[in-house]
Structures are given as C-alpha cells and as structure tokens.
Amino acid sequence: MNTQLGYVCLCIIWLWAPAVLDAAQSYYVTKSGNDKNLGTSQLQAWGTIQKAASQATPGSTVYIGPGTYYETVTIGVQGNARSGPITFTSLISKTRPIISGARAKARSSDEILNLIYMENKSYLRFVNLELANLTHTECSGIRIVGAGTQVELRNLLIHHIRGGGETGGAMAITVYNKDQRTSRSGLIIDNCTLHDCDPAWSEALTLNGNVEQFQITNNRVYNMNNIGIDFIGGESDMGALGTRSGRCANNTVWNIHSTYDSSAAGIYVDGGFNITVEMNEVHHSDAGIEIGAENKGRIASNMTVRKNYIHNNNKVGLAFGGYDQNRGRVIKSLFEANRLEYNDALRTGSGEIVVSFASDNSVYANIVKPNTQNIILYADRVGGLKNVFDRQSYYPNGVKATQSSLIFNWGNQQYKGLSAFQKATKQEMHATVINGKRRRKKK
Ligand SMILES: *[C@@H]1O[C@H](CO)[C@@H](O)[C@H](O)[C@H]1NC(C)=O
Ligand SMILES: *[C@@H]1O[C@H](CO)[C@@H](O)[C@H](O)[C@H]1NC(C)=O
Ligand SMILES: *[C@@H]1O[C@H](CO)[C@@H](O)[C@H](O)[C@H]1NC(C)=O
Ligand SMILES: *[C@@H]1O[C@H](CO)[C@@H](O)[C@H](O)[C@H]1NC(C)=O
Ligand SMILES: *[C@@H]1O[C@H](CO)[C@@H](O)[C@H](O)[C@H]1NC(C)=O
Ligand SMILES: *[C@@H]1O[C@H](CO)[C@@H](O)[C@H](O)[C@H]1NC(C)=O
C-alpha cells in the first residue's frame, strides 16, 4: 500500500512539476489583504506593497488591487535574465492603485523620501500605477539608484510630489548612477504622465550619471517648477561617465517654468553624448529644447535633435551651447527638420534659436515661424559662430513682412534681412522664404 501510494504521489509530482515551473507565479496585494497571508491568491492577498517588494520571485507578477496604499516602498527583490522580470501592476486593468505619500513621515529634514525606491536593481517592471501626494524637500515618486539593467516604467501617473527646496527637489522620476564600472542600461519610461511637482532645483524626470541605452517615449510632462526632462553628464558628484546613447521621442512637455531663473527647458541635455531627441512637442514653457553642458570642461557631442515641434515658449525655442567660456561646449550635433513657431513670447530678444558656446554643429532644414519681432537667431560673439546654418524655411511674420524683415544676431552684428545675413556670413545660402499673404494690386 505504502509503496504503491508513494509511487502514485511521485508520479503526480513528476507530471505536474514542468507545468508548475512554466506557469508564471502571481502574487496579490489588496486593501483587505494581510501580510501574514501567502500572497499567492486573491483570498490569500498581502496587505502591503512592501511585502510584495520583499518577497516576489523572479518572473512573477504582483497584482495590486484598487485603493490607496499609504506606503514608501523599497524594492528588495529583482528578476533575472533566465526567469524574466518581476512586474508590479494593477489587478483591475483600468483602475490604477494609488501609492500615496500623504502619511509619509521623514525622520529628519535631510532624509530623502521616495514612494518607490530601488538601488542596484535589474529586471523590474512597474505598470499602470498612480503615485501621488508626497511632500518633502528632497523626494521622488520613483528613485532608481545605481547600476542595473532592464527596468521599465509604463503607464504610470505621478503627480503632486511637492515641497522641493534649494538643496534637492521634489521630483517625479529620478535615475542616478555614479557607479563607474557598471552602467544603468535598458531603461524604458513609456506612456507615463507626470504633473504638478516641485522639482526645483532639480528636474521632473532626470537621468544622471552612468546611464545608457534608454528609451523615454510617449510621456506627458507638465506643470513643473523647473526643467521637464533632463539628461545629465559631468556633475562632480556623479563621476565622469554621463547619460548617453539613448532616445527621447514623442513626449509632450508643457508649462515648465523655473522658479529661480525663468529659464527652464522642457527637454534639456546637459553634458550628454549620442542622444536622439525627436518627435517631441514642447510648448508654453520658459524654453523649448536646450542642448548644453553646464560643467567645466564638459563636452556634449553627437546629439541629434530632429522633427520636434517647439512652439509658444517664453524665451526661446531651441538653444544649444555651453554655459559660458569656461563651462562646457556642444559639438558635432545635428539640429534638423524641427518646427519652431512663435517662441520668445515674452519678446526678450533672443528669438527662435540661441547658440552659445558650440562648434561644428549643423542646423539644417528647420521650419521657422517667428512672432512679429521676426527675430530668428542669436549667436554668441565668442562661442557661437563656428556652426553651419542651411536650408531653413522661414516664414516672415506680418502683413507686408518679407525676407528683409528677418533679424539675425550674429556676434556683435545684427543683420536685417536674410540677404544681408547671407552676404556677410555665407550662412543659409539655400534658405527658403515663404512670404505671408500680401494684397495684390489690381492691374
Ligand atoms: C492628494 O491630496 C489631495 C488634496 O489633499 C486629495 O484631494 C487627493 O485625494 C489626494 N490623492 C491621493 C492619490 O492621495
Ligand atoms: C550598490 O552598488 C554600489 C557599487 O557597487 C555599492 O557601493 C552599494 O553599496 C550598493 N548598494 C546596495 C544597497 O546594494
Ligand atoms: C497609455 O496610458 C493610458 C493611460 O494613461 C492608457 O489608457 C493607454 O492604454 C496606454 N497606452 C498604451 C499603448 O499602453
Ligand atoms: C549611439 O547610440 C545608439 C543608440 O541610440 C547606439 O546604438 C550606438 O552604439 C551609440 N554609439 C556609440 C558610439 O556609443
Ligand atoms: C506618439 O504619441 C501619440 C499620442 O501621444 C500616439 O498616438 C502615437 O502612436 C505615438 N507615436 C509613436 C511613433 O510612438
Ligand atoms: C552618432 O549618432 C548617430 C545617430 O544616433 C549614431 O548612429 C552614431 O553611431 C553616433 N556616433 C558616435 C561616434 O557616437
């Protein structure tokens, strides 16, 4: 009897084992759950996201039920290449569970608070969650620190991360890696909505340090009190390796205004390398897209900025170049086929395009529709004149405006009219001017 039963049992185990290994493990967290449960079914659900973040196994999915979870979660687990990532997502597909910071308490004022925090982690996915209402001087919705690979943030809604101060900032998404040996790679941030945070003096969505092979796509970023999306390299406390080799595409960024210098760009590359910024829309911010290098000796290079729609920004549409003579330069980058419309809304005189400390860059085939100031360009006298401008299409603004209405500030000189600019600088030799409608005289 015993041996026979034993045989039957072994047989069942043998038959079931492959199926069990293949089936992805699921875990559940609900508002009515309890951390003493097993977590493996809805009836056995855990009560906190932190429990899942400490127990979930590689390849598993953590389903989080609707409701508000008052937690600050530290991710202690991760997936791997063989079993796959761990996914944290909503139990009910159209209802995002909320992680709220409304009851979070810092032990001291200089502690950094985060709704989700991870360090040196890989193979994790966060999908369809809402993170909100955290208030502290230095804090983030999600903070990803250190080296790692394959982390994805998708369909997240992050808002009201507030209270940022001069020493830090209340940021939506922070990615920092100062590990010089191993990069943070394979990062995807897609289809997220970030709004109403106080990131000053930091940024709403920032990648900083040894970060490569990233994709920041299809996100909406708005109502921020400093820079919207930022790619940083060269800050002294982050090591020499900067953010590089990635793509920022099809994001929409608006209402980005710096509280301290009114010069925040919607999308900013500060000392990055080999980054493509394309098909984004940036509007009604201090500045549209800026490629710079703030830190001493830093060179931002091989950037491609194309097919963006940049309009109605307060000070300038497109800006590139280092900060000043001693602080950074932008070289060998391409600015092509962007649409620049009605920027410098505050009529500061900088117009559509500002070039500071930059050389060997190409500005080609952009469509430029200035406001009635008709100011196209401001190129710095010392650092801005060794770049090539060609094949732009200009739309002079005004009933009788023509090519002669366009204003180009080139070093110490101001040229009134495209012809004058061409003649003096040999730039823009193949530009097109599309004049506004003019009254036709009757013959
Ligand atoms: C955030 O706070 C506001 C105001 O206190 C409140 O109305 C809202 O319900 C809160 N939302 C979350 C997700 O905690
Ligand atoms: C993360 O990695 C860095 C560099 O190896 C190490 O100094 C740090 O202690 C690690 N942190 C954790 C929480 O493992
Ligand atoms: C993007 O997120 C929205 C929620 O904001 C969702 O309705 C939509 O299905 C998502 N799109 C994709 C392609 O995942
Ligand atoms: C530049 O970035 C692309 C990805 O956008 C990558 O495939 C390529 O290898 C990078 N080039 C260098 C020199 O790092
Ligand atoms: C760009 O975003 C829009 C909506 O924001 C979406 O409909 C479209 O599919 C996206 N395009 C690409 C190429 O991802
Ligand atoms: C420069 O950027 C282009 C386009 O992203 C890429 O194909 C090329 O590999 C990059 N070159 C270097 C030297 O990074």
Side-chain angles (χ1 to χ4, degrees), residues 31 49 64-73 87-90 92-105 113-116 125-136 139 141-142 149-150 152-163 170 172-173 183-198 205 207 210-223 231 233 240-253 267 269 271-280 291 299-307 331-334:
K31 286 304 292 175
I49 298 168
I64 303 168
T68 303
Y69 298 79
Y70 294 94
E71 297 185 50
T72 51
V73 179
T87 301
F88 294 80
T89 190
S90 55
I92 297 169
S93 64
K94 292 207 167 139
T95 314
R96 286 184 175 114
I98 300 163
I99 304 180
S100 172
R103 296 180 193 163
K105 285 203 173 58
L113 287 183
N114 306 287
L115 292 174
I116 296 178
R125 299 175 71 240
F126 298 85
V127 183
N128 216 31
L129 308 173
E130 179 173 341
L131 282 65
N133 287 3
L134 178 63
T135 303
H136 191 59
C139 60
I142 299 189
T149 189
Q150 311 298 320
E152 291 180 30
L153 312 180
R154 292 189 192 269
N155 307 357
L156 303 183
L157 172 60
I158 306 181
H159 63 99
H160 292 94
I161 309 297
R162 306 224 94 139
I173 299 175
S183 65
R184 160 69 51 198
S185 67
L187 174 74
I188 297 176
I189 302 178
D190 183 66
N191 195 34
C192 294
T193 300
L194 318 178
H195 69 89
D196 291 280
C197 302
D198 295 341
L205 191 177
L207 275 52
N210 188 2
V211 180
E212 62 179 340
Q213 305 293 343
F214 59 84
Q215 173 196 323
I216 310 297
T217 46
N218 305 307
N219 303 288
R220 291 151 297 277
V221 180
Y222 61 96
N223 298 356
F231 304 96
L241 289 167
T243 302
R244 63 198 183 278
S245 302
R247 184 165 173 263
C248 172
N250 205 33
N251 304 284
T252 308
V253 184
I267 298 175
V269 178
F273 160 72
N274 187 33
I275 295 171
T276 298
V277 179
E278 63 184 349
M279 297 186 298
N280 303 282
I291 306 296
I299 293 175
S301 67
N302 202 40
M303 232 64 76
T304 303
V305 179
R306 69 179 164 213
K307 295 186 180 172
I331 64 167
K332 294 184 181 150
S333 294
L334 174 65

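Both backbone and side-chain heavy atoms feed into the values below; hydrogens, waters and symmetry mates do not. We count ligands from 1, going down the list as the structure has it; atoms in each ligand are counted the same way.
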Q) Against heavy atoms of Ile98, which atoms of ligand 1 measure under 4.0 Å? A) 13 (C)
Q) Within a distance of under 4.0 Å, is there any protein heavy atom near atom 7 (O) of ligand 3? A) no
(Q) So that I can tick it off, tell me whether Glu212 and Arg244 are bridged by a salt bridge, with the cut-off set at under 4.0 angstrom between side-chain N and carboxylate O. (A) yes
Q: Indicate yes or no: does an N/O atom of Arg96 lie under 3.5 Å from an N/O atom of ligand 3?
A: yes
Q: Assess Asn155 for proximity to ligand 3: is some non-hydrogen atom of it under 4.0 Å away?
A: yes
Q: For Ala132, counting its heavy atoms only, list the atoms of ligand 1 lying under 4.0 Å from any of them.
A: 13 (C)
**Q.** Distance-only donor-acceptor check, side chains Arg220 and Thr193, under 3.5 Å
**A.** yes
Q. How are the rings of His195 and His160 set relative to one another: parallel (under 30°), tilted (30 to 60°) or perpendicular (over 60°)?
A. perpendicular
Q) So, for atom 1 (C) of ligand 1, does the protein have a heavy atom nearer than 4.0 Å? A) yes
Q.
Below 3.5 Å, N or O to N or O, backbone or side chain included: is there any such pair between Asn191 and ligand 3?
A. yes
Q: Answer with yes or no whether Thr68 contacts ligand 1, where contact means a heavy atom under 4.0 Å from a ligand atom.
A: no
(Q) What I want to check is whether the side chains of Asn128 and Thr89 have a donor and an acceptor closer together than 3.5 Å. (A) no
Q: Write out the residue and atom name of the closest protein heavy atom to atom 12 (C) of ligand 1, then the distance separating them to 0.1 Å.
A: Asn133 ND2, 3.2 Å
(Q) Closer than 4.0 Å and a protein heavy atom, does any atom meet both conditions relative to atom 14 (O) of ligand 3? (A) yes
Q | Those atoms of ligand 1 less than 4.0 Å from some heavy atom in Ser100 | A | 14 (O)
Q | Heteroatom proximity flag, Gln213 to ligand 4, N/O under 3.5 Å | A | no
Q: Establish, from distance only, whether the side-chain atoms of Ser185 and Thr149 form a donor-acceptor pair under 3.5 Å.
A: yes
Q.
Show the nearest heavy-atom pair for residues Ala132 and Leu115, with the distance to one decimal.
A. N-CD1, 3.6 Å
**Q.** Test item: side-chain donor near acceptor, Asn274 and Ser245, under 3.5 Å
**A.** yes
Q. Are a donor atom and an acceptor atom from the side chains of Gln215 and Thr217 found within less than 3.5 Å of each other?
A. yes
